[in-house]
Protein chains: 2
Amino acid sequence: MLTNTEENYLKALLHLMLQSGNNETGTNKLAEHLGIKPATVNDMLKKLKTKKLVMYEKYGKIKLSKDGRKQALLVIRKHRLWETFLYEKLHFSWDEIHEVAEQLEHIQSEKLIEKLEKFLGYPQADPHGDPIPDAKGEMKTYQKTSLLEIPVGSICQLVAVKDNSAMFLQYVSELGIGLKSKIKVISKMDFDGSLRIEVNRKQHNVSQKFAENLLVK
Amino acid sequence: MLTNTEENYLKALLHLMLQSGNNETGTNKLAEHLGIKPATVNDMLKKLKTKKLVMYEKYGKIKLSKDGRKQALLVIRKHRLWETFLYEKLHFSWDEIHEVAEQLEHIQSEKLIEKLEKFLGYPQADPHGDPIPDAKGEMKTYQKTSLLEIPVGSICQLVAVKDNSAMFLQYVSELGIGLKSKIKVISKMDFDGSLRIEVNRKQHNVSQKFAENLLVK
DNA sequence: TTATTTTGTTAGATTAACCTAACTTTTATT
DNA sequence: AATAAAAGTTAGGTTAATCTAACAAAATAA
Ligand SMILES: [Mn+2]
Ligand SMILES: [Mn+2]
Ligand SMILES: [Mn+2]
Ligand SMILES: [Mn+2]
């Protein structure tokens with residue numbers, strides 16, 4: 001049985017590992033991501049190692065074990081199912097669900113998650129477009145393209161957002177953009193990488209950073 | 001902001017206070033109820049006192065303050081709304097919901113509870129027949145009669161159960177009894193206080209303790 | 001009213017999850 | 001290769017929530 005804190009570490013670890021191609025990360029990055037101090041992380045890593053959830057040697061890189069990875073995916077599964085519940089059934093807005101799901105993801109009851117999944121009609125993705133792992137901790141990952149890579153003149157469709165922060169999501173909503181929105185790239189500025197896009201017949205100028213966080217197909 | 005543990009103490013305190021008419025209780029009873037040691041309770045009471053949630057002097061009786069009582073009722077509110085959700089929407093059985101709700105009741109989000117309440121259609125009572133306090137921490141308490149007090153020959157209707165344990169509730173279900181079941185008292189045994197009842201045209205012999213935990217009107 | 005039992009308190013430990021300050025190792029930069 | 005910077009570790013503390021063992025007060029029974 002994992003504690004809330006351990007679950008959060010595993011989730012953070014998987015997140016950082018997926019982010020940085022090489023499937024490994026370090027103490028400082030993990031601390032930064034969790035908003036705590038490296039010294040604390042160091043202690044916890046020793047604990048996670050004795051529980052065989054991570055592979056880790058002094059001064060070495062941190063990796064998730066097979067089991068650690070599975071546990072992390074099961075937490076993500078819970079998180080995304082709860083987010084879907086909050087959005088679909090309770091009509092929370094896009095940007096509010098993450099925070100509450102951070103708490104709900106730690107409820108311990110396999111039966112609850114199974115029943116919740118059924119209640120929601122076995123959704124494949126959460127309201128941010130992220131895939132929901134199955135009960136075995138397996139997740140289909142499909143190729144996602146950033147809006148940045150779309151050539152000028154073509155039209156694409158939003159399938160997911162990379163950043164889940166309330167601030168970013170509110171901004172996206174304000175522009176009338178949501179999952180499945182059709183986005184046309186009108187032009188790109190070489191100067192700062194920003195681009196002009198059209199959504200629902202309205203045009204907007206958005207920064208490079210903004211576009212990078214919209215994942216399209 | 002209250003911790004999970006503090007919330008559990010307040011809930012336990014209210015429970016024991018309501019149980020024992022005089023609106024007060026002691027360290028040992030509280031410890032017993034929470035499944036921990038009196039020494040631990042003693043420490044926590046000091047903490048709850050500094051937070052002005054209980055009234056308490058060394059060797060004296062323990063009482064909830066106005067605010068403590070309100071907080072306790074808000075936890076009960078959350079508990080009962082979640083139980084209703086688990087029962088009505090996820091189709092958990094009567095005896096499974098309490099345990100999961102023990103966890104869910106600690107999720108911190110007022111908005112979540114408001115939306116949940118709306119989603120459930122503003123229920124007045126949980127699946128055990130217990131009233132659900134409102135957002136201000138006010139709860140309507142209605143008079144409940146134990147099945148024991150029903151005279152031989154008369155018919156009554158189950159409105160609530162006193163004991164929420166899985167064991168008791170499973171037993172009740174096995175006899176085909178649920179909320180709103182019509183129960184006829186056929187006879188009473190003076191010897192051990194047990195009684196013969198009829199539900200759905202089936203007769204059963206039940207103990208005094210069993211009957212005591214069925215609340216009827 | 002004294003003795004016994006029950007109830008409640010204190011002191012001293014433990015564990016999980018955090019911290020700061022000081023130190024060590026590894027990596028990057030001159 | 002030497003030095004500086006970054007990354008990681010250790011030692012020693014703190015707080016919340018728990019425990020055991022010993023003690024004190026209150027309630028009950030003899
Ligand atoms: Mn979390
Ligand atoms: Mn999400
Ligand atoms: Mn609880
Ligand atoms: Mn209930």
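Below, read A as the first sequence line, B as the second, and so on, with proteins coming before strands; counting in each chain starts at 1.
Separating the CG atom of Leu45(A) from the C1' atom of dC18(C) is a distance of 14 Å, rounded to the nearest angstrom. Whole-Å rounding puts the Leu30(A) CG to dA17(C) C1' distance at 14 Å. Distance NZ (Lys37(A)) to C1' (dT14(D)): 15 Å, rounded to an integer number of Å. In this entry the distance linking OH of Tyr9(A) with P of dC18(C) reads 5 Å, nearest Å. A straight line from CG of Leu2(B) to P of dA17(D) spans 10 Å, rounded to a whole angstrom. Here the P atom of nucleotide dA22(D) and the CG atom of Asn42(B) are 18 Å apart, to the nearest Å. Rounded to whole angstrom, the span from the NZ atom of Lys29(B) across to the P atom of dG8(C) amounts to 7 Å. Between the P atom of dT15(D) and the CG atom of Asp43(B) lies a distance of 14 Å, rounded to the nearest Å.
The side chain of Asn28(A) sits closest to dA7(D) out of dA21(D), dA11(D), dA7(D).
Proximity of Thr5(A) to the phosphate of dA16(C): no side-chain N or O atom is located under 4.0 Å from OP1 or OP2. Within the structure, a side-chain polar atom (N or O) of Lys58(B) is placed less than 4.0 Å from OP1 or OP2 of dT10(C). Contact annotation: Tyr56(A) reaches the phosphate of dT9(D) (side-chain N/O to OP1 or OP2, under 4.0 Å). The shortest distance between the side-chain N/O atoms of Thr3(A) and the OP1/OP2 oxygens of dA17(C) is below 4.0 Å.
Using the six-membered ring where Trp is involved, Phe85(B) and Phe85(A) have ring planes that are tilted, between 30° and 60° apart.
In this structure, Lys115(A) forms a cation-pi arrangement with Phe92(B), its terminal cationic atom sitting closer than 6.0 Å to the ring centre and no more than 45° off the ring axis.
Separating the CD atom in Glu117(B) from the CG atom in Asp134(B) is a distance of 8.0 Å, to the nearest 0.5 Å.
Here Lys61(A) lies out of heavy-atom contact (under 4.0 Å) with every strand. Among the atoms of the strands shown, base atoms are found under 4.0 Å from some heavy atom of Thr40(B).
Under a 4.0 Å N-O distance rule, the pair Glu57(B)/Lys49(B) qualifies as a salt bridge. Using a 4.0 Å cut-off between charged side-chain N and carboxylate O, Glu102(B) and Lys11(B) make a salt bridge.
Comparing Tyr59(A) and Lys47(A) against DNA chain C, the residue whose closest nucleotide sits nearer the 5' end is Lys47(A).
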